[in-house]
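No experiment lies behind these values; they were computed from the predicted model shown. Here is how names work: the chains are called A, B, and so on, in the same order as the sequence lines, proteins then strands, and each is numbered from 1.
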Amino acid sequence: MRLSIKSKPIPFSDQTKWIQFLNVTLERGGKRILKEVSFSCGAGKLIGLLGVNGAGKTSLLYSLTGWLKPVSGKIMVGGIDWLSYKDRDKLNNISFCPQNYNVPQGVLVKHTLEMGSVQFASNWLTLKSNPEKERLADKLSYWTKIFNIQSLLNENFDELSGGEQRRVLLARAFARSTDLTLLDEPLANLDLKGQLDLALTLRRIVQEDHQSVIWTLHDWNLAMEFCDQIIILHDQQCIYHGNPEGALTETSVHPTLGEHWKWVRNPCTKAPMLAYRGDSSSSE
Amino acid sequence: MQSRQKTGSIHFWIILILIWLASAWMGCVNGPGSGWFGSAELDWETQWSIRGPRVALALLIGAHLGVAGALLQTLFRNPLAEPYITGVSSGAALGATMGIALGVTGGTQWGWGGWTGMTLSALIGAGMATLIVVRVASRNGALESARLLLAGVALGGLLQAITALMTLQANPFWVRGALFWLLGSLAYLDWTAFYSLLPFTLIALGLSWALRGGLDGFRFGEIDAYHLGLPVEKIKWLTLTAACLLSASAVAVAGSIAFAGLLAPHMARRWFGSSHSLVIPASALLGGILLTFSDLIARMMMPGREIPLGVITGFTGCLFFLAALNGMKKNER
């Protein structure tokens, strides 16, 4: 079920290498962010993008949406050359939930949600409302329930708490029902309960709706627990891509997080996890 | 919150329209026997020929500046943006004075062609100032709203200094001295000015109205607008074009009136929410009424003498500016 009239959908060719980065170099404001990065990830997966602040996680997401054009290299999505797609064709297939956004005054939550369903095929000058209005209403009520924001619809967006704002923007992104959804640090501003709830929700969305979600986060343990695939960026390079099972090694943890960590198994779920190993390491 | 936007709106409009009617009715005519409601010795027709174009132009120019303020505030995501603060008005004033010095107005007592020539040269000045400010304020392809204000204020100061120097140097400027260009005034205007402004009003307000949907998509920021699939570059440049048209044509007629476009969009947003299909017409009406009222004060405060309009709007606008700045401080985390 698609809401937007797609000018060029992504073909599903190779499921395991749905998104491929081949020697991609990214620069932002004249500064090198990523240097000849290559990795691939599959369709219908929850993909966690890890890395310290400034490692280039957001830039990598921008290169998929077209906001940032790679200096060199190739990005393939669904077996086609992604960079040759027009921006609006890319954005017909990708939703993006920003980490930082301007908070406008006096915009109601329900109007914020409707912004997500801008029809690219329609006239941008008037943002003509959706021809399938009823289906849009169904979609929105579905996603407002998933993110538990039904009671906020008539509130002003700027008067919500940080966590509530985040949930509204997430619902807006998912209501566009694109094949690929990119979330830039969706856990920021959330308390511990909110973080776990969101991770569980994302897990369910990916499993039930067969959507692909790439999210950036800083909680490695949540990533190991819930993601199908992990990508770790460090020092302009992709130092790991693959399943969470093999993600925690000396080569991936020590350069990024320091040497105070030990990797163990979660006693309940058996998923790999990081544990602080105390301050004794300095003597060894 | 819906209710806040609706309550009192009818009373409010009645009060505003009464203020506007009073402003149109009251005022002094320089001359013998002048009083609060005009001169007893001059007949109504003579007085209307002086005040008629003046109140009509106040409404039009106020609408120009109010809508320009609304466009710039949304585009730059800064509640303090406005044609004067962003340097656009100062660019227009310099363009217009250069136009006069180069003779595009065809002499001192210009007619319709003279007005249009001056408006076009103001438009060039405003466009150049906008390009410079946008260039300085851009980083990594996106506009930074804090840099924009600093760049605008600095460039505005420079352009005003050049304008002052030009008007003090030569004298093809008729009554339009440095004081007029730097502070603005609606005195000595006739219906020719009104009719030469009207086409620009229609084109620029039409363009702004057409952009309302795109501007709604800009409310969460430029990057967010891009990711909603909006053609951000197109919307950005069309909005800047509309803002330049609005402020340049207003400046050509009335000089650069400081802070006149600041208040109206804020009032509009407060009462009607932030959807631009309401904000744009409301900013136009409120801007017009506010400027008419400011012009009334300019006429009445010292009977028999004109106070430049920019003094009045600068006074109220600066107080509001400081209050808004204080409010922004509280919201910062």
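Ring geometry, A/Tyr62 versus B/His227: the interplanar angle falls under 30°, so the pair is classed parallel (tilted spans 30 to 60°).
Listed by first and then second residue, the ring-ring contact (aromatic ring centres under 6.0 Å, His included) pairs that reach into residues 229-249 of chain B come to none, sequence neighbours excluded.
Taking the ring centre of A/Phe157 as origin, the terminal cationic atom of B/Arg219 falls outside the region bounded by 6.0 Å and 45° from the ring axis.
Atoms CZ and CG, from A/Phe96 and B/Asp224 in turn, are 8.5 Å apart once rounded to the nearest 0.5 Å.
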A/Asn102 and B/Phe218: CA distance, side-chain angles, deciding distance, side-chain contact (heavy atoms from CB on, under 4.5 Å) verdict: CA-CA 9 Å; A/Asn102 180 50; B/Phe218 259 69; over 6 Å; no
Would you sort out whether A/Arg172 and B/Leu228 count as a side-chain contact (heavy atoms from CB on, under 4.5 Å), showing the intermediate values? CA-CA 10 Å; A/Arg172 187 184 73 166; B/Leu228 292 176; 4.0 Å; yes
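Considering every non-hydrogen atom in both B/Ser274 and A/Val107, the closest pair reads OG-CG2, 2.9 Å.
If you measure heavy-atom distances from A/Leu182 to chain B, you find no contacts under 4.5 Å at all.
Applying the 6.0 Å contact sphere to CG of A/Leu192 captures no more than 12 heavy atoms from other residues, nucleotides or ligands. The neighbour count for A/Met76 CE, taken as heavy atoms of other residues, nucleotides or ligands under 6.0 Å away, is above 12.
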Using atom types as modelled, flag every donor-acceptor pair under 3.5 Å from a side chain in residues 61-72 of chain B to any protein atom, sequence neighbours excluded.
residue	atom	partner	partner atom	Å
B/His64	ND1	B/Leu246	O	2.9
B/His64	ND1	B/Ser249	OG	3.2
B/His64	NE2	B/Thr201	OG1	2.8

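Side-chain atoms of B/Tyr226 come within 3.5 Å of backbone atoms of A/Gly66 as a donor-acceptor pair (strictly under, hydrogens ignored).
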